[in-house]
Amino acid sequence: MIDEFLAGDLTEVEAAVRAAAAAEIMPRYRQLAAHEIVEKNGPHDLVTTADRLAEEHLTASLSRLLPGSVVVGEEAVHADPKVYEALGGEAPVWIVDPVDGTRQFVRGEPGFCTLVALAHHGETLASWTYAAALDEMAVAVRGRGATLNGAPLHSGSPAPGTVLSVAMSHPDYTTDAQKRALLGLRTEGIDARPCGSAGLEYLAVARGDLEAVAFNWEFAWDHAAGLLLVTEAGGAQSTLSGAPFRIAGGNDMPFTAARDRATADGVLAALRAGG
């Protein structure tokens with residue numbers, strides 16, 4: 001079932017992502033009322049009406065495209081954490097973050113996106129990263145490369161001697177051990193800054209505008225789409241132990257995704273030195 005779907009017309013998925021954004025996200029962009037913004041777990045963890053309605057829209061449309069599939073969405077998991085267990089089940093799974101970069105969306109900034117990934121048996125097989133306000137759609141299919149607005153996407157490699165630009169988790173929102181590891185990036189040869197939308201940071205790595213990311217949280221909706229995008233663009237990814245990131249969880253954190261293997265290894269070395 002899943003192989004036949006992937007061999008078919010995947011533009012239907014792209015159309016579904018665009019339709020959800022057009023119907024539920026963009027009409028509220030810079031138009032949010034105060035009652036449409038809610039704190040989930042604190043002032044840095046926001047959800048809006050656009051998040052909820054876009055996820056509902058995508059859940060319905062994606063399930064229709066692939067009968068027998070299930071959806072693991074950020075807002076559904078917030079309502080019922082058991083939904084996350086589907087990542088380890090037998091059915092194909094759509095992993096959805098309806099508005100990645102909600103804080104930017106709330107502030108009326110364009111740095112947000114919709115993330116969709118299709119996974120099966122713990123392996124991400126395809127992904128869609130859609131920055132509606134920027135009119136950018138990045139698509140990756142395992143073994144078939146990555147594109148941005150239809151053009152091939154290649155991460156390339158940093159020039160020798162380049163100071164590595166790295167977007168990282170904010171150290172304030174980490175365990176003490178993870179904080180020490182991330183602070184290892186404050187070293188010569190690396191220019192580290194707090195990340196914005198994870199999906200757009202991954203896209204920046206895939207297009208060669210950012211050397212690497214380093215994150216300490218592992219929610220699949222934030223990482224599944226971007227990790228496949230970077231990998232299919234020619235990049236590399238690894239957890240602190242050297243093992244690949246697992247979307248079902250249990251990773252040795254922090255982890256990195258980078259433009260090439262050498263850059264990933266350099267970031268890991270800095271993280272290990274910090275820890």
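Note that the structure is a prediction, hence the values are computed from the model and not measured. Throughout, numbering of the chain's residues begins at 1 and tracks the sequence.
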Review point. Which residue pairs pass the salt bridge (Lys or Arg N to Asp or Glu O under 4.0 Å) test with at least one member in residues 113-141, sequence neighbours excluded?
Key: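 Those involving residues 113-141 are Arg18-Asp135, Glu123-Arg142, Glu136-Arg207.
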Holding to side-chain contact (heavy atoms from CB on, under 4.5 Å), I want the full list of residues that pass it with [X], two or more places apart in sequence or in another chain.
X	value
Glu85	Lys82
Ala146	Ala140, Leu153, Leu229, Glu232, Ala233
Ala133	Met26, Tyr29, Pro110, Phe112
Ser61	Ala16, His57, Leu58, Arg64

Out of curiosity, [X] [atom1] to [Y] [atom2], how far, rounded to the nearest 0.5 Å?
X	Y	atom1	atom2	answer
Asp191	Thr162	CG	OG1	12.0 Å
Glu218	Asp252	CD	CG	10.0 Å
Thr102	Arg107	OG1	CZ	11.0 Å

Exercise for review: Check whether any side-chain heavy atom of Val96 lies under 4.5 Å from a side-chain heavy atom of Pro98, and answer yes or no.
Suggested key: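 Counting from C-beta outward, Val96 and Pro98 do come under 4.5 Å.
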Exercise for review: For residues Val13 and Leu118, determine if any side-chain heavy atom of one lies less than 4.5 Å from a side-chain heavy atom of the other.
Suggested key: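 With C-beta onward as the side chain, the pair stays apart.
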Short side-chain to backbone donor-acceptor contact, [X] and [Y], under 3.5 Å:
X	Y	result
Ser169	Asn216	yes
Arg259	Ser157	yes
Thr187	Gly184	no
Thr256	Ala214	no

Which heavy atom in [X] sits nearest to a heavy atom in [Y], and how many Å separate them?
X	Y	answer
Pro158	Glu211	CG-CG, 3.6 Å
Ala54	Ala20	O-CB, 4.2 Å
Leu200	Gly111	CD1-C, 3.5 Å
Ala192	Arg186	O-NH1, 2.9 Å
Leu240	Leu271	CD1-CB, 3.7 Å
Ala212	Ala258	CB-CB, 3.8 Å

Are [Y] and [X] co-members of a hydrophobic cluster defined by side-chain heavy atoms under 4.5 Å apart?
X	Y	value
Leu53	Phe105	no
Met137	Leu148	no
Leu125	Leu62	yes
Leu228	Leu115	no

Practice item. Using the side-chain hydrogen bond (donor to acceptor under 3.5 Å, both in side chains) rule, collect all pairs that involve residues 110-122, keeping only residues at least two apart or in two chains. Key: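 Every side-chain hydrogen bond (donor to acceptor under 3.5 Å, both in side chains) pair that includes a residue of residues 110-122, provided the two are not neighbours, is Glu90-His121.
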Exercise for review: Could you name each residue pair satisfying side-chain hydrogen bond (donor to acceptor under 3.5 Å, both in side chains) that touches residues 143-156, not counting sequence neighbours?
Suggested key: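 Pairs touching residues 143-156 that pass the test: none.
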Review point. Tracing side-chain links under 4.5 Å among I, L, V, M, F, W and Y, which residues wind up in one group with Tyr202?
Key: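 Once heavy-atom contacts under 4.5 Å are chained together, Tyr202 belongs with Val70, Val72, Val77, Val83, Tyr84, Leu87, Val93, Ile95, Val205, Leu210, Val213, Phe215, Trp217, Phe219, Trp221, Leu227, Val230, Phe245, Ile247, Met253, Phe255.
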Point to revise | Chi angles and distances behind the side-chain contact (heavy atoms from CB on, under 4.5 Å) call for Val116, Tyr130 | key: CA-CA 9 Å; Val116 172; Tyr130 181 44; over 6 Å; no
Practice item. Output all residues satisfying salt bridge (charged side-chain N to carboxylate O under 4.0 Å, His left out) with Glu55, sequence neighbours left out; order by chain, then residue number. Key: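 Not a single residue meets the salt bridge (charged side-chain N to carboxylate O under 4.0 Å, His left out) criterion with Glu55.
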Point to revise | Partner residues of Asp265 under the salt bridge (charged side-chain N to carboxylate O under 4.0 Å, His left out) criterion, sequence neighbours left out | key: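 Asp265 satisfies salt bridge (charged side-chain N to carboxylate O under 4.0 Å, His left out) with Arg261 only.
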Point to revise | Lys/Arg-Asp/Glu bridge criterion (N-O < 4.0 Å) met for Glu24, Arg28 | key: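 Between Arg28 and Glu24 there is a salt bridge, with a charged N closer than 4.0 Å to a carboxylate O.
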Practice item. Begin with the C-alpha distance, continue with both residues' side-chain angles, and end with the deciding distance and a verdict on side-chain contact (heavy atoms from CB on, under 4.5 Å) for Val139 and Leu10. Key: CA-CA 10 Å; Val139 180; Leu10 295 181; over 6 Å; no
**Study point:** Pairing residues for Trp128 by the side chain to side chain donor-acceptor pair (under 3.5 Å) criterion, not counting sequence neighbours
**Key:**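 By the side chain to side chain donor-acceptor pair (under 3.5 Å) rule, Trp128 matches no residue at all.
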Review point. Looking at residues at least two apart in the chain, or sitting in another chain, which of them share a side chain to side chain donor-acceptor pair (under 3.5 Å) with Arg193?
Key: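 With sequence neighbours excluded, Arg193 shows a side chain to side chain donor-acceptor pair (under 3.5 Å) to Glu201, given in chain and number order.
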Review point. Under 3.5 Å, is there a donor-acceptor pair between the Asp100 and Ser197 side chains?
Key: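 A donor-acceptor contact under 3.5 Å links the two side chains.
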